[in-house]
Each structure stands twice: as structure tokens, then as C-alpha cells.
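The residues of the chain are indexed from 1 along the displayed sequence. As the structure is a computational prediction, the values presented were derived from the model and not from experiment.
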Amino acid sequence: MVPAFSASDHGFMARALRLAERGLYTTTPNPRVGCVVVRSDQVVGEGWHVYAGGQHAEIHALQAAGEKAHGATVFVTLEPCSHHGRTPPCAEALLTAGVSRVVAAMQDPNPLVAGQGLARLRQAGVLAECGLLAAEAKEINLGFVARMTRARPWLRLKLAASLDGKTALQNGASQWLTGPAARQDGHRWRARACAILTGMGTVRQDDPQLNVRGVEGPELRQPLKVVVDSRLELSPEARVLRGGGVLVAAAVADSGRAAKLAQAGAEVLVLFSPGGKVDLLALLKELARRGINEVHAEAGFGLSGSLLSAGLVDELLLYLAPCLIGDAARGMFNLPPLESLAGKRSLVIRDVRALGGDLRLLARFT
């Protein structure tokens, strides 16, 4: 049962959640966490996790609070850790500081913690509660929760289309369907992801850089670039290879081509499945093993359809441009025909907003 929390409790946790969002672009593979230390209804310290390997949110907040942390209440968006990782356990730091109460938004899904941090606090006599604004806390860390609970990342499929559902002309031309505001927003979604995924068809047609541009933030890093290239056709001169940080998923073992791509800075991973295609589920599981929490997919008709058909897409990020480009243009997904509407896949629309002259829609599969 979730404890009864006061209005001020809600306000302080909301502040902690806003702090957690400051690590949106930087904390991978760690979760985004914010912390607020309160004494006599006054904030005496606060902090957030900035980057993996650095101090956790609780430590930043306790250092800011100093001696005022003794007897204080701590609001933290994720259960304090109880194990030694790159940094010492936060549960012990809270005990050393002498706090009297800890409120966590949600339990840590990491099996190394999973309730043990709260249990350690309770064993030491600290009032430790959990469940305040839990849904909001989970939203900030959807990818981390997905990786910990199902061993694969959260996958967001981004598409830009006309109002008649077309992503490109019949000849493949698609630049630019949407306006500058929508394109810039797309880069912010790229920035929060741990990996950007595309297919060989998109690389062949658009020769994309597949990086983050025009997004400011502390410790901003470039996500891993992942190219699904079944026949290992990627040219060593492709722009996607510039700057390194590229993983090529292939369905054939060709040491000669792999060596050329390695010289260009890419890693080749062979994950074949029947039919000569890349095993997409195996690819996502491998990405999870490497600490990838969120995957941002920008793919064409074929790979988008394959990801959807395999049930690997968690949500759609769809930018709609106010234009029509005709029936002969390319559609969004290559999906098999349905015999009845009973076979349709339903989504819940989470957000709709205007960006310049375009419309952005975020929809999640039920």
C-alpha cells in the first residue's frame, strides 16, 4: 500500500523530478535521478545525477545540505542504491548524514538494489517510504526500467510523414517534409537516447550523419549509431561512420568487408536469422547488455515494418507535415495486410503538440 503523502511531500518530489530531468542527455547507462533534502519544510540541499561514474544525486544533495541534513527528510526519485558500483552505496551515505526520513518515488528495478536500499534504511531506524509520483518517475527512466526488467531497451520509432501518411516520394526524396522546429525537436529526442538505429536503405538513400546537432547541455554525448545492414553493403566512405561510435549489425560473415569497416571506425556484429535478415531481437538484447537504455530508431519503410512486426517498438514519435504527396509515395511501414480489424494494433496517444507548422504526435502501444 502506498503511504499517505502530504501536499508539501508532492511539491518536494516534483522538484526532485525536475532535477532528475537535468540529466536527460547525460547519465546513460545510469538512471536519471534527482534529490531534495528538506528540513523544517525548507529545502536545505538538492542535486541530480549528472553522468555515469560521477556522484549520485543523493551525494550532491547531502553535500549541499551539510550539517542541516541531520534529522532531515530526503526526497529522491529512485530508491537509494545499496551496493558498491562505481560509487559507494547511497543508503549508507544517508545513514551517515543522520537523515530521519527518506521518500523514494519508485523502487529501483536493478536486481542489485530492488528494495534492498529501502530495507537497509528501515533496519537502521529511518522512516523509508516509496511510491510518491511513481508513474512520473518511471517516465523519466523508461529505458532503464525496460533494460532492467526485460533485458532490452525502450525503442522509440521516429517518423516524419505527410498528412496522407507518406514519408518520401516514389524516388525516395524526403528532405524536407517537416520544418526546422520539428527537425530540431527530433534532435532533442536523439540526444536523450543511448543509441540511434537506422537501416541500410536509409543510409543508401540519404547518407545521414545520424548524430545530435544543435542541442545544448552539460556533458552532452553522442549516442551510439547502429546500422542494420544485412548484406554488409555499408560503404567505408558513408557519412554515418564519421566520428566513430558505430555498430553495424549484419546477417553475413564477410571478413574482408568487416575489416574495411573496422578501419573506418565501425564494429561489425553478425546476428543472422532465417531468411538472411538481421535478428532484431538479438540485436536489442545485445544493446541492452552493453548498457543501452533507450533506442531512437529513424528507419525506412522496410526496417520500420520489421521492427513493428516483431513487436519491438514501444512508442511512435510521429511528425506530421501539413501537405499531401500522393498515393504513389512511400508509406510509413511495410506491414502485412490484415484480414479483419480485429488484428489491428492499438496505441494510446500520449501527447500532441504543434511545432511550427507541423504536428508532433507521441503514441504508445498498449
Evaluate the side-chain proximity of [Y] to [X]: yes if any heavy-atom separation is below 4.5 Å, no if none is.
X: L303; Y: T198; value: no
X: L287; Y: L224; value: yes
X: T77; Y: I140; value: no
X: T28; Y: R221; value: yes
X: F365; Y: R345; value: yes
X: V102; Y: L127; value: no
X: F333; Y: L316; value: yes
X: R360; Y: V352; value: no

Pairs touching residues 245-273 that satisfy salt bridge (Lys or Arg N to Asp or Glu O under 4.0 Å), sequence neighbours left out: D254-R257, E267-R290
Salt bridge (Lys or Arg N to Asp or Glu O under 4.0 Å) contacts touching residues 45-70 (sequence neighbours left out): R15-E46
Should [X] and [Y] count as an ion pair when the cut-off is N to O under 4.0 Å?
X: E339; Y: K344; value: no
X: D185; Y: K158; value: no
X: R353; Y: D351; value: yes
X: E129; Y: R101; value: yes
X: R32; Y: E294; value: yes

Crowding at NZ, K277 (>12 non-hydrogen neighbours, <6.0 Å): no
side-chain contact (heavy atoms from CB on, under 4.5 Å) involving [X] - partner list, sequence neighbours excluded:
X: R213; result: H187, R190, Q209, N211
X: A297; result: L155, L157, L197, L307
X: R183; result: W176, T178, P180
X: A251; result: S230, F272, V278

Decide whether [X] and [Y] are clustered together by the hydrophobic rule: side chain heavy atoms of Ile, Leu, Val, Met, Phe, Trp, Tyr closer than 4.5 Å, transitively.
X: V33; Y: L121; value: yes
X: L280; Y: L308; value: yes
X: V246; Y: L261; value: yes
X: V126; Y: L62; value: yes
X: V248; Y: L210; value: yes

Co-members of the apolar cluster containing L317 [side chain, <4.5 Å]: W189, Y319, L355, L362
Side chain to side chain donor-acceptor pair (under 3.5 Å) partners for S346, two or more places apart: none
Let me confirm one number: the [atom1]-[atom2] distance from [X] to [Y], rounded to the nearest 0.5 Å.
X: L324; Y: L163; atom1: CG; atom2: CG; result: 6.0 Å
X: Q123; Y: L95; atom1: CD; atom2: CG; result: 10.0 Å
X: K138; Y: Q107; atom1: NZ; atom2: CD; result: 12.5 Å
X: C323; Y: L177; atom1: SG; atom2: CG; result: 5.5 Å
X: F144; Y: C194; atom1: CZ; atom2: SG; result: 11.0 Å
X: N110; Y: Q116; atom1: CG; atom2: CD; result: 9.5 Å

Flag for W48-E21: side-chain donor and acceptor within less than 3.5 Å: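 Distance-only check fails for E21 and W48.
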T27 side chain to N30 side chain, donor-acceptor N/O pair below 3.5 angstrom: no
Specify the closest pair of heavy atoms between [X] and [Y], including all atoms of both residues, with the distance to one decimal.
X: S82; Y: P89; value: C-CB, 3.6 Å
X: A69; Y: V37; value: CA-CG1, 4.2 Å
X: M13; Y: V76; value: CE-O, 3.5 Å
X: L335; Y: S309; value: CD2-OG, 3.5 Å
X: A91; Y: P80; value: N-CB, 4.1 Å
X: G34; Y: A20; value: N-CB, 3.3 Å

Candidate pair L318 and M332, rule side-chain contact (heavy atoms from CB on, under 4.5 Å), full reasoning: CA-CA 10 Å; L318 180 59; M332 288 189 280; 3.7 Å; yes
Aromatic plane relationship, F12 with F75 - under 30° parallel, 30 to 60° tilted, over 60° perpendicular: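 Plane angle between 30° and 60°, so tilted.
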side-chain contact (heavy atoms from CB on, under 4.5 Å) between E286 and L269, worked out: CA-CA 10 Å; E286 172 60 20; L269 184 65; 3.6 Å; yes
Side chain of [X], backbone of [Y]: donor and acceptor closer than 3.5 Å?
X: E298; Y: I196; answer: no
X: E79; Y: D108; answer: yes
X: N293; Y: W154; answer: no
X: R122; Y: A128; answer: yes

By ring-ring contact (aromatic ring centres under 6.0 Å, His included) - contacts of H296 (at least two apart):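 H296 satisfies ring-ring contact (aromatic ring centres under 6.0 Å, His included) with no residue once adjacent residues are dropped.
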With R147 via salt bridge (charged side-chain N to carboxylate O under 4.0 Å, His left out) - residues at least two apart: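 R147 satisfies salt bridge (charged side-chain N to carboxylate O under 4.0 Å, His left out) with no other residue.
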Salt bridge (charged side-chain N to carboxylate O under 4.0 Å, His left out) partners of R150, counting only residues at least two apart: D314
Distance-only donor-acceptor pairs under 3.5 Å for side chains of residues 231-241, two or more places apart:
unit_1, atom_1, unit_2, atom_2, d
R231, NE, E233, OE2, 3.3
E233, OE1, R204, NH2, 2.8
S235, OG, E237, N, 3.1
R239, NE, D207, O, 2.9
R239, NH2, D207, O, 3.2

Audit row: D164, I325, side-chain contact (heavy atoms from CB on, under 4.5 Å) steps and yes/no: CA-CA 7 Å; D164 50 349; I325 58 177; 4.2 Å; yes
Pair H49-Q55, side-chain contact (heavy atoms from CB on, under 4.5 Å): steps then yes or no: CA-CA 7 Å; H49 185 45; Q55 291 180 331; over 6 Å; no
